[in-house]
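Contents: one structure, followed by commentary.
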Amino acid sequence: MRRRLPTTLTALTAALALLLTGCAGGDEHPDDGVVRLRFQSLAWQKESVDANKQLVAEWNAAHPKVQVDYVQGSWDSVHDQLLTSFEGGEAPDIIHDASDDLADFAYGGDLADLRPLLPERLRADIPASSWETTTFGEGVHGIPFLQEPRMIIANRKILEASGVRVPTPEKPWSWSEFRQIARDLTTAMGPGRYAVAWPLKEPVSVSLNLGVSAGGGLFHRGADGRVTVDFTEADAVVPGTVHDQVVTDRTSPRTTLGSGGSDTLPGFFAGKYAMVPLGFAYRQQIAQQAPKGFEWTVLPAPAGSEGLAQGVSPQTLSIAEDSPYKKEAMEFLDFFLRPANMVRLARGDWMLPTGRAALADPSLRTARDGWAVGAEVAERLRPAPAQGVRGYPEWKDKVATPAFQEYYSGAIDGAELRRRLVEDGNRVLARYQRK
């Protein structure tokens, strides 16, 4: 999961603090012939931080001539912090980020092309679809290692009492069946309760990534490399389902549309909502915060013409172009991402590894806490539609976010949603693609 603070001032303050921390770290070590790498990690949950630090400690104990200094970063400020550090020539050697944040740094020459450095084991272990998320132009500028599909977290008792069909990865709900199930559940639950709560404070990535299952893509790259927006019938399937559940069927409340995922959990625990679509890592909060006796289960998101496919932007590990120790940095990453270690990182973050060997680990195939369902879905994941689209942040903030928010609340219809995404959106993207 990624968390972002609302103010630029906070982000810049944190960025400067991290930069100063990184600079100071280099001055503390004597010129003793030891290679020292700075590894900036964005791990934030205790289990994840512990796993990262333990792996760094294990490497350092076994490699006295190549030492790794762990630097704590933050998802809230990483983009601004990296901009500052790259411009100042003080970037960490090893950089933890997400694939949807790499494009500007990759095209700007700040991140090393990893192709000459990648061990064959690592290259072969991670699927080609995952490598696509970190390929910009002809270069590979990051190693995708953790991914988070969106799942449906459900109240087991409510589902069983209602008698509705419970989906599995082998026999998932279709989007139309999901809508009908929501009607049946809402009727069974009674007044003031809803089948599904959609937390859509940030609606764009949810809409686009789940839309992949129905054949949606929204962004289309022409033969000349230019990207345009087109909102097709396939793109409309998922947004239309959410809109109809909120506005027409009233099986989902308007009140959660502006909420984050964590905001819906009290109502979920209280039985106000039977289901909440959430990122896979939210299972940790649910496991830790659910009241005693609360029974929950993990269901796959509905399937469309493309089955259980959905888009993701994996977490990544990159090497700074200015690092004088690229070879040593890759040797550390090869250790850090061994299958057994990738499993440790995945379990620490409650996410799924990209590596095939790690994903096959029995500990990630257990029924407990929905790991097995997630592992099944992981094999269908694809690059997010917005991957590598220059101008996407502005399109998302200025065009898509308000358009989706108004559509889901019922303030505009589907035709107006399409007009805004396409007409207004293409004007934004065109500015980033002028030659």
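Hydrogens, waters and symmetry mates are skipped; everything else that's a heavy atom, side chains included, is used.
The closest side-chain heavy-atom distance from Thr134 to His141 is not below 4.5 Å. Counting only heavy atoms from C-beta outward, the side chains of Leu159 and Leu299 approach each other to under 4.5 Å. Side-chain contact check for Glu233 versus Val237: every heavy-atom pair is 4.5 Å or farther apart. Between Trp395 and Asp424, the closest side-chain pair of non-hydrogen atoms is not below 4.5 Å. Annotation: side chain of Asp230 is in contact with side chain of Arg418 (closest heavy-atom distance under 4.5 Å). Contact of the Val49 side chain with the Tyr70 side chain is registered, since non-hydrogen atoms from C-beta on lie closer than 4.5 Å. Residues Phe404 and Leu421 form a side-chain contact, since some pair of their non-hydrogen atoms from C-beta on lies under 4.5 Å apart. For the pair Val229 and Glu423, the minimum side-chain heavy-atom distance is 4.5 Å or more.
Between His96 and Trp75, the distance from one ring center to the other falls under 6.0 angstrom.
No side-chain donor-acceptor contact under 3.5 Å links Ser318 and Thr316. Side chain to side chain, Asp235 and Thr232 meet the donor-acceptor criterion of an N or O pair below 3.5 Å.
What you find for Ser129 and Leu381 is that their closest heavy atoms are OG-O, 3.9 Å.
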**Study point:** Trace of the side chain to side chain contact (heavy atoms under 4.5 Å, CB included) decision for Trp371 with Arg347
**Key:** CA-CA 10 Å; Trp371 281 106; Arg347 292 190 66 83; 3.8 Å; yes
Practice item. Please lay out, stage by stage, how Tyr325 and Ile94 fare under the test side chain to side chain contact (heavy atoms under 4.5 Å, CB included). Key: CA-CA 10 Å; Tyr325 305 119; Ile94 301 166; over 6 Å; no
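Panel note: side chain Arg38, backbone Ala91; a donor-acceptor pair is recorded below 3.5 Å. For Trp131 (side chain) and Arg123 (main-chain N/O), a donor-acceptor pair under 3.5 Å exists by modelled atom type. For Arg115 (side chain) and Glu138 (main-chain N/O), a donor-acceptor pair under 3.5 Å exists by modelled atom type. The main-chain N or O of Ser99 is never found under 3.5 Å from a side-chain atom of Ser313 such that the two would form a donor-acceptor pair. Checking side-chain atoms of Asp125 against main-chain N and O of Arg356 turns up a donor-acceptor pair under 3.5 Å. Remark: the backbone N or O of Pro277 is not paired with any side-chain donor or acceptor of Trp198 at under 3.5 angstrom. Of the possible polar contacts, none joining the Arg365 side chain to the Asp361 backbone as a donor-acceptor pair under 3.5 Å is found. Remark: the backbone N or O of Val227 is paired with a side-chain donor or acceptor of Gln433 at under 3.5 angstrom. Without hydrogens or angle criteria, Ser252 side chain to Val246 main chain gives no donor-acceptor distance under 3.5 Å. Checked by atom type and distance alone, the side chain of Gln387 pairs as donor or acceptor with a backbone atom of Thr133 at under 3.5 Å.
Evaluated for a side-chain contact (heavy atoms from CB on, under 4.5 Å) with Leu146, the options Asp349, Thr354, Leu317, Leu352 yield exactly one hit, Asp349.
The line from CG of Asp244 to OH of Tyr408 is 11.0 Å long, rounded to the nearest 0.5 Å. Taken from CD in Glu416 to CZ in Arg419, the straight-line distance is 4.5 Å, to the nearest 0.5 Å. Between the CZ atom in Phe178 and the CD atom in Gln245 there is a gap of 4.5 Å [rounded to 0.5 Å]. Taking CE from Met330 and CG from Leu117, the interatomic distance works out to 5.0 Å, rounded to the nearest 0.5 Å. Distance CD1/Ile286 to OG/Ser262: 9.0 Å, rounded to 0.5 Å.
Of the charged side-chain nitrogens involved, none lies within less than 4.0 Å of a carboxylate oxygen, so that Lys326 and Asp93 do not count as a salt-bridged pair. One finds a salt bridge joining Asp50 and Lys46 here, because a Lys/Arg side-chain nitrogen approaches an Asp/Glu carboxylate oxygen to under 4.0 Å. Ion pairing between Asp369 and Arg283 fails under the 4.0 Å rule for side-chain N and carboxylate O.
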